[in-house]
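First up is the structure itself, then whatever we jot down about it.
Just so we're clear, the structure is a prediction, and the values are computed from it rather than from any experiment. Numbers for residues simply follow the sequence, beginning at 1.
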Amino acid sequence: MRIHYLKHIDVEGVGHIGHWVNLHHHQLSVTRTFLGETLPPIAEIDLLLVMGGPQSATCLDKYPYLYQEIDYIQQAIAADKPVLGICLGMQLIAAAFGMKVIESPQPEIGTFPITLTSNGKKDPIFQHFPESFEVIQWHYDMVKLPEGVESLAYSAACPQQIVRFAKHVYGIQFHLEFTSVTVKRLMDMFIAEHKHKPGEAPYRDNYIATEDELMAIDFEPINQRMELLLDLLTPQGAKSA
C-alpha cells in the first residue's frame with residue numbers, strides 16, 4: 001500500500017505510524033508544502049495522512065500553502081481514498097468540507113481520557129475501542145461542527161475529539177502516534193509557551209501537563225491504538241504483510 005503524509009513541521013513526523021508501515025511492508029512518502037514541495041498525483045497514493053503541526057486552521061491566510069493541502073484532501077476524498085487527519089490534519093479535513101475551525105474552550109497538552117459518544121460506540125471503527133481511553137493531546141483549536149454532524153468522542157476540555165467526515169475519512173483531535181522522541185522534541189521547541197502562573201487565563205492547570213508528566217507518558221497502549229485505528233481504516237492494507 002502506498003501511504004502519503006503531509007508534514008507541517010520538521011520535528012513532528014509520523015511517529016509510531018512508521019512502525020506500522022514497516023510491519024506491513026507498505027511504502028511511505030511525504031510532502032512538506034511549507035517548504036514548497038510538490039504534491040504527488042492522487043492516483044499514486046492509497047492512503048492519505050494529514051499530520052499535526054503548530055499552524056492554525058483558524059487563520060489559513062497566514063499559511064497559504066495549506067490551501068494546496070485542502071484542495072489535495074478534496075481530491076483524495078473525491079477519489080474515494082481513505083484519509084486520516086490528526087490534530088491540525090483533522091481541522092484541514094474540516095476545512096475541505098467547508099467547516100469552520102475555532103479555538104478550543106481549553107488548550108490540552110498531556111494525556112487525558114476521551115469518551116465515545118453514542119454514535120462513536122456504533123461507528124464501524126471506534127466500536128472496537130473502549131468507551132473511554134487515554135490519548136495524548138497537544139492543541140489549541142477544534143472543529144466547529146455544523147448541525148447534523150456529530151462528534152464521535154469528547155474530552156472534559158474539548159467537545160470535538162473524533163469526527164467521521166465520510167465513509168473512510170476520519171479526523172482525530174488527539175495523537176496516538178506520538179512517541180517519547182516526538183514529545184521530547186516538541187517540549188524542547190514549545191514548552192516555554194506553556195509556562196504560566198497557576199490559574200492564569202486562558203489556561204486551567206489540570207489541562208496542561210508539566211514537563212515531568214509529559215516525560216512519564218506510557219506510550220505503549222496509546223501506540224497500540226494507533227495501530228488498531230490504521231488496521232480498521234485500511235483492512236486490506238493491514239493484511240499485506
So if you build clusters from Ile, Leu, Val, Met, Phe, Trp, Tyr with side-chain heavy-atom gaps below 4.5 Å, do Val163 and Leu48 land together?
yes

Output yes when a side-chain donor or acceptor of Glu131 lies under 3.5 Å from a complementary backbone atom of Leu116, and no otherwise.
no

Any idea which heavy atoms bring Ile77 and Phe97 closest together, and the distance?
CD1-CE1, 3.3 Å

Between CG of Leu232 and CZ of Arg225, what distance do you get to the nearest 0.5 Å?
12.5 Å

Are any non-hydrogen side-chain atoms of Tyr170 and Phe126 less than 4.5 angstrom apart?
yes

Inter-residue atom distance Lys184.NZ - Glu211.CD, 0.5 Å rounding:
8.5 Å

Assigning hydrophobic clusters by single linkage (Ile, Leu, Val, Met, Phe, Trp, Tyr; side-chain heavy-atom cutoff under 4.5 Å), is Val101 placed with Tyr67?
no

Trp20 and His16 aromatic centres sub-6.0 Å
no

Considering non-hydrogen atoms only, spot the tightest contact between Leu49 and Leu230 and give its length.
CD2-CD2, 4.4 Å

Lys7 pairs by side-chain contact (heavy atoms from CB on, under 4.5 Å) with which of Val14, Thr31, Val30?
Val30

Quick one: pull up CG in Leu28 and CG in Leu47 and give me the separation to the nearest 0.5 Å.
9.5 Å

Go through the steps to decide whether His168 and Asp80 satisfy the test side-chain hydrogen bond (donor to acceptor under 3.5 Å, both in side chains), and finish with yes or no.
CA-CA 8 Å; His168 40 219; Asp80 201 31; 3.0 Å; yes

Closest non-hydrogen atom pair between Gln160 and Met90, with its separation:
O-CE, 4.3 Å

Nearest 0.5 Å, please: how far is OG in Ser155 from OH in Tyr207?
7.5 Å

Rounded at 0.5 Å granularity, tell me how far OG in Ser29 sits from CD in Glu44.
9.0 Å

Sub-3.5 Å donor-acceptor pair from the side chain of Ser104 to the main-chain atoms of Pro107, do we have one?
no

No-hydrogen, no-angle side-chain donor-acceptor test under 3.5 Å, Thr33 and Glu69
yes

Could you check whether any side-chain heavy atom of Ile162 comes within less than 4.5 Å of a side-chain heavy atom of Ile114, counting everything from C-beta outward?
yes

Can you confirm whether the side chains of Gln173 and Gln91 place a donor and an acceptor under 3.5 Å from each other?
yes

Min side-chain heavy-atom separation Met51-Leu88 under 4.5 Å
no

Nearest heavy-atom approach of Ile45 to Pro40 is CG2-CG, 4.2 Å

Separation between OG (Ser180) and CG (Leu214), nearest 0.5 Å, reads 12.0 Å

Taking the side chain as every heavy atom from C-beta outward, state whether Lys122 and Asn119 have any atom pair closer than 4.5 Å.
yes

When you group the ILVMFWY residues by side-chain heavy-atom contacts below 4.5 Å and let the links chain together, are Leu6 and Met1 in the same group?
no

Taking side chain as C-beta onward, heavy atoms only, is Leu145 less than 4.5 Å from Ser151?
yes

Any salt bridge linking Asp10 with Arg32? Criterion: basic side-chain nitrogen under 4.0 Å from a carboxylate oxygen.
yes

Residues Gln75 and Asp71: side-chain donor-acceptor under 3.5 angstrom:
yes

Has the side chain of Gln55 got a donor or acceptor atom that lies under 3.5 Å from a matching backbone atom of His8?
yes

Nearest heavy-atom pair of Met189 and Ile9: which atoms, and what distance?
SD-CD1, 3.5 Å

I'd like to know if Tyr154 and Trp138 are part of one continuous hydrophobic network [Ile/Leu/Val/Met/Phe/Trp/Tyr, side-chain heavy atoms within less than 4.5 Å].
no

Take Arg164 and Val169, measure what side chain to side chain contact (heavy atoms under 4.5 Å, CB included) needs, and give me the verdict at the end.
CA-CA 6 Å; Arg164 185 188 188 199; Val169 180; over 6 Å; no

Asp46 and side chain to side chain donor-acceptor pair (under 3.5 Å): which partner among Gln27, His26, His4, Arg2?
Arg2

Would you say Gln161 and Met142 make side-chain contact, with heavy atoms under 4.5 Å?
no

For Ala57 and Asp141 the tightest heavy-atom approach is N-OD2, 4.3 Å

Only residue of Leu152, Leu228, Leu229 satisfying side-chain contact (heavy atoms from CB on, under 4.5 Å) with Ile125 is Leu229

Would you say that Leu60 contacts Ile70 through its side chain, given a criterion of any heavy-atom pair below 4.5 Å between the two side chains?
yes

Take Ile86 and Val50, measure what side chain to side chain contact (heavy atoms under 4.5 Å, CB included) needs, and give me the verdict at the end.
CA-CA 6 Å; Ile86 298 174; Val50 191; over 6 Å; no

Within the 3.5 Å criterion, strictly below it, is a donor on His175 or Gln137 matched to an acceptor on the partner's side chain?
no

Kindly indicate whether the side chain of Thr111, heavy atoms from C-beta on, has any atom under 4.5 Å from the side chain of Val135.
no

Are Phe133 and Met226 connected in a single hydrophobic cluster, I mean Ile/Leu/Val/Met/Phe/Trp/Tyr linked by side-chain heavy atoms less than 4.5 Å apart?
yes

Mind running side chain to side chain contact (heavy atoms under 4.5 Å, CB included) on Ile136 and Phe174 for me, showing each step along the way?
CA-CA 6 Å; Ile136 301 173; Phe174 48 89; over 6 Å; no

